[in-house]
Amino acid sequence: MSIVKINALTVPAEQREVLEQRFASRAGAVEGSDGFEWFELLRPVEGTDQYLVYTRWRSEEDFQAWMEGPMKAAHQGGGGAGGAGGAGGGAGERPKPAASASSVWSFEVVQQAAPKQA
């Protein structure tokens, strides 16, 4: 079964819009990555300032290949959507991160269900 990676990003209220805009304007390279299955950006509603970036992959190897390839290249350029990239800075400067902290959680999918087809 698949694996899930959840990046928990602590985002101050004044940076929420910046973070969401960065994800909205991302190049979309993850969607074409081998083994990629799903992406969701989850906005907190109440009780926390953590956004959750949910991705599902066919295997750990596929996730690591994306991390070492397209994701690494995008973030080294300063335009990454996650915690890096963003507002401010002049030409060639890396923009200020939208998130003040980040941690990645890893899970294996052991059960799943989809809605019944009518």
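Positions are given from 1 along the sequence. Nothing here was measured: the structure is a model prediction, and the numbers come from that model.
- Taking Glu37 as the reference, Ser2, Arg56 meet the side-chain hydrogen bond (donor to acceptor under 3.5 Å, both in side chains) condition, with sequence neighbours excluded.
- Using a 4.5 Å cut-off between side-chain heavy atoms of Ile, Leu, Val, Met, Phe, Trp and Tyr, with links allowed through other members, Leu41 and Met71 fall into the same hydrophobic cluster.
- Here the shortest heavy-atom pairing between Trp105 and Phe107 reads CB-CE1, 3.6 Å.
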Does Tyr54 form a side-chain contact (heavy atoms from CB on, under 4.5 Å) with Phe39? I'd like the steps, not just the answer. CA-CA 6 Å; Tyr54 173 100; Phe39 161 84; over 6 Å; no
Begin from the C-alpha positions of Lys5 and Thr55 and carry the test side-chain hydrogen bond (donor to acceptor under 3.5 Å, both in side chains) through to its verdict. CA-CA 5 Å; Lys5 299 293 182 172; Thr55 58; over 6 Å; no
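- In this structure Arg16 satisfies the side-chain hydrogen bond (donor to acceptor under 3.5 Å, both in side chains) test with no other residue, sequence neighbours excluded.
- Between Gln15 and Ala98, the closest heavy-atom pair is CB-O, 3.3 Å.
- For an aromatic pair to be called close, the ring centres must be under 6.0 Å apart, and Trp57 with Trp66 satisfies this.
- In this structure, CG in Asp49 is found 6.5 Å from OG in Ser100, a value given to the nearest 0.5 Å.
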What's the verdict on side-chain contact (heavy atoms from CB on, under 4.5 Å) for Val4 and Val109, showing C-alpha distance, side-chain angles and the deciding distance? CA-CA 7 Å; Val4 170; Val109 176; 3.7 Å; yes
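- Closest approach of Ile3 to Phe63, counting heavy atoms only: CD1-CB, 4.1 Å.
- Using a 4.5 Å cut-off on side-chain heavy atoms (C-beta onward), Val53 and Phe23 make contact.
- A distance-only check finds a donor-acceptor pair linking the side chain of Ser59 to the backbone of Asp62 [under 3.5 Å].
- A distance of 10.0 Å separates OH of Tyr51 from CG of Leu9, quoted to the nearest 0.5 Å.
- Interatomic distance, Met1 CE to Gln112 CD, rounded to the nearest 0.5 Å: 4.5 Å.
- Residues Leu52 and Trp38 share a hydrophobic cluster, clusters being chains of Ile/Leu/Val/Met/Phe/Trp/Tyr side chains in contact below 4.5 Å.
- The 12-atom threshold is exceeded at CD of Glu60, counting heavy atoms of other residues, nucleotides or ligands nearer than 6.0 Å.
- Applying the salt bridge (charged side-chain N to carboxylate O under 4.0 Å, His left out) rule to pairs touching residues 38-47 yields Glu20-Arg43, sequence neighbours excluded.
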As a quick check of understanding, evaluate side-chain hydrogen bond (donor to acceptor under 3.5 Å, both in side chains) for Asn7 and Ser103, giving each step before the final call. CA-CA 6 Å; Asn7 191 356; Ser103 67; 5.9 Å; no
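- Looking at Arg26 and Glu31, their side chains come closer than 4.5 Å, going by heavy atoms from C-beta outward.
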